[in-house]
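Residue numbers run from 1 in the order of the sequence given.
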Amino acid sequence: MRRALTLLLVGALALTACSDDAADSATTGQTATTVDGAADTTTPGTTTPDAGSAETTTPESTTAPLPPDPTRPYELFTPSSYVAGTPMPLVILLHGYGASAVIQEAYFQVKPLAEEQGFLYVAADGTKNIRDDQFWNATDACCGFGATGVDDVAYLTAVIDQVSADRDVDPKRIYLMGHSNGGFMSYRMACDLSGRVAAIASLAGATFADTEQCAPDEPVSVLQVHGTADGTIAFDGGTIPVVNTTFPGARTSVTTWAGYDGCDGTLEPTGATLDLEANLAGAETTVDEFGGCPAGVSVQLWTIAGGAHIPGTTFPDGSNPLSAGIVDFLLAHPKP
């Protein structure tokens with residue numbers, strides 16, 4: 001059981017040795033912040049908010065509740081193009097089971113994209129369960145395993161509130177992306193915070209098996225990316241051993257969300273193909289999309305033919321088209 005679960009980020013764990021270098025990449029404008037705002041360090045080149053401007057709200061003036069555990073840190077990256085008073089999108093990255101924000105960033109490499117495209121970026125950490133593995137308490141399937149009382153929805157909501165107090169966040173462009181357990185948690189946030197979350201992207205995650213546990217008030221754009229050879233969170237759905245929790249497959253997840261979103265069409269191929277997997281030759285990924293969705297809302301499935309649970313994301317030229325594609329999808333779908 002433990003070996004199967006820790007396979008969620010084994011490939012990324014191999015990057016740990018170089019994670020310090022990855023964390024240092026694109027450091028222009030980087031800000032490290034704790035949940036309670038106690039620590040705030042800025043590297044040279046950062047455009048920081050003017051604390052005296054009318055457009056900037058300080059943490060002291062917000063009435064938003066702090067997370068359940070104010071000692072849980074997160075990292076806020078502020079691109080050098082940030083200007084106080086001009087709202088920016090916010091993207092939150094959620095790590096896989098047993099991984100961390102540092103490992104997930106080393107794998108996804110979102111910071112360079114945040115700097116290039118101009119969005120605020122948060123990499124957050126879950127808590128540890130009885131197995132001493134870091135996790136997100138997400139859906140009915142994944143992944144508390146004995147520590148399911150953790151309210152990660154409240155924690156991440158408070159992170160959004162805190163970042164919005166510290167920076168000018170565009171309220172129509174708040175996004176979450178996650179891998180595996182982080183993908184499950186992205187779905188959970190779309191369910192519970194649909195009024196604020198514009199879009200989510202899940203790599204190898206799944207939505208609730210019990211559809212009655214998710215009742216979004218507003219449509220949320222959804223991107224599911226999944227490999228057909230995923231041996232951990234199977235493309236067609238399955239059961240997590242020992243705990244015996246069942247998760248839906250990739251097609252079921254997006255079909256469920258198309259229903260939530262009020263899409264009255266079917267899942268159809270767009271004809272587009274993508275080359276997202278560095279270990280597979282050619283454009284191995286097909287793009288399907290639901291028709292009949294409300295204006296501005298999209299529900300898509302990107303199927304990586306032969307893709308594993310941890311796709312090879314970094315190409316020989318150093319590019320990461322998977323992360324770039326996910327970010328492009330998110331930024332293209334603000335709240336209507």
Side-chain angles (χ1 to χ4, degrees), residues 30-40 49 55-79 82 84-95 101 104-105 108 110-111 113-114 117-127 136-138 150-178 181-202 205 214 216-222 326-327 330-331 333-336:
Q30 179 176 348
T31 301
T33 309
T34 61
V35 169
D36 59 3
D40 189 346
E55 295 85 0
T56 303
T57 304
T58 64
E60 290 77 11
S61 66
T62 182
T63 57
L66 288 174
D69 181 356
T71 65
R72 289 175 66 179
Y74 63 90
E75 182 183 7
L76 169 62
F77 178 86
T78 302
Y82 175 81
T86 302
M88 264 190 171
L90 170 63
V91 175
I92 299 175
L93 175 64
L94 305 178
H95 62 75
Q104 204 65 57
E105 166 56 25
F108 270 138
V110 179
K111 282 182 186 176
L113 298 173
Q117 300 193 42
F119 59 87
L120 299 162
Y121 165 53
V122 164
D125 279 306
T127 53
W136 299 103
N137 186 27
V150 178
D151 191 345
D152 280 323
V153 172
Y155 170 71
L156 291 172
T157 300
V159 169
I160 293 170
D161 290 341
Q162 186 71 55
V163 174
S164 299
D166 292 340
R167 302 287 188 271
D168 286 293
V169 174
D170 186 339
K172 290 186 176 294
R173 294 186 292 171
I174 297 174
Y175 308 105
L176 291 100
M177 58 186 288
N181 182 198
F184 282 87
M185 191 66 210
S186 295
Y187 275 115
R188 175 69 183 272
M189 291 299 289
C191 290
D192 290 12
L193 207 65
S194 62
R196 299 181 69 181
V197 175
I200 66 161
S202 162
C214 179
D217 297 321
E218 296 181 14
V220 176
S221 291
V222 167
I326 287 174
V327 166
L330 295 175
L331 297 180
H333 295 95
K335 279 287 186 190

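Among residues two or more places apart in sequence or in another chain, the side-chain hydrogen bond (donor to acceptor under 3.5 Å, both in side chains) test is passed with Ser186 by none. For Pro334, the side chain to side chain contact (heavy atoms under 4.5 Å, CB included) partners are Arg173, Tyr175, not counting sequence neighbours. Scanning for side chain to side chain contact (heavy atoms under 4.5 Å, CB included) contacts around Pro216 gives Ser194, Cys214, Trp257, Tyr260, with sequence neighbours left out.
Smallest separation of non-hydrogen atoms from Gly118 and Pro89: O-CD, 3.8 Å. When every heavy atom of Gln104 is checked against every heavy atom of Leu94, the shortest pair comes out as CG-O, 4.1 Å. The minimum heavy-atom distance linking Asp152 with Trp136 is given by the pair OD2-CA, 3.4 Å. The two atoms that bring Ile326 and Ala201 nearest to each other are CG2-CB, 3.4 Å, heavy atoms only. In plain terms, the two heavy atoms of Tyr187 and Gly205 that are nearest each other are CE1-C, 4.4 Å. Closest approach of Val197 to Val220, counting heavy atoms only: O-CG2, 3.5 Å.
The backbone N or O of Ala101 sits less than 3.5 Å from a side-chain atom of Asp125, completing a donor-acceptor pair. The closest donor-acceptor contact from the side chain of His95 to the backbone of Gly178 lies at 3.5 Å or more, if one exists at all. A donor-acceptor pair under 3.5 Å links the side-chain atoms of Asn137 to the main chain of Val150, judged by distance alone.
Taking the side chain as every heavy atom from C-beta outward, Val169 and Phe119 never approach each other to under 4.5 Å. With a 4.5 Å cut-off on side-chain heavy atoms, Val91 and Met177 count as touching.
Residue Ile160 holds its CD1 atom at 12.0 Å from CG of Leu120, rounded to the nearest 0.5 Å. The structure places CG of Leu93 at 9.5 Å from CG of Leu176, a figure rounded to the nearest 0.5 Å. We find the CD1-NE2 distance between Ile200 and His333 to be 13.0 Å, quoted to the nearest 0.5 Å. Rounded to the nearest 0.5 angstrom, Ser221 OG and Leu330 CG are separated by 9.0 Å.
Every pair passing salt bridge (charged side-chain N to carboxylate O under 4.0 Å, His left out) that includes a residue from residues 190-199 is listed here, sequence neighbours excluded: Asp161-Arg196, Arg188-Asp192.
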Would you sort out whether Arg167 and Thr78 count as a side-chain contact (heavy atoms from CB on, under 4.5 Å), showing the intermediate values? CA-CA 9 Å; Arg167 302 287 188 271; Thr78 302; 3.0 Å; yes
Please determine whether side-chain contact (heavy atoms from CB on, under 4.5 Å) holds for the pair Val159 and Val122, giving the CA-CA distance in whole Å, both sets of side-chain angles, and the decisive distance to 0.1 Å. CA-CA 9 Å; Val159 169; Val122 164; 4.1 Å; yes
For Asp170 and Met88, what are the C-alpha separation, side-chain angles and deciding distance, and is it a side-chain contact (heavy atoms from CB on, under 4.5 Å)? CA-CA 5 Å; Asp170 186 339; Met88 264 190 171; over 6 Å; no
Trace of the side-chain contact (heavy atoms from CB on, under 4.5 Å) decision for Val153 with Met189: CA-CA 6 Å; Val153 172; Met189 291 299 289; 4.2 Å; yes
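Between the side chains of Tyr121 and Glu105, at least one donor N or O lies within less than 3.5 Å of an accepting N or O.
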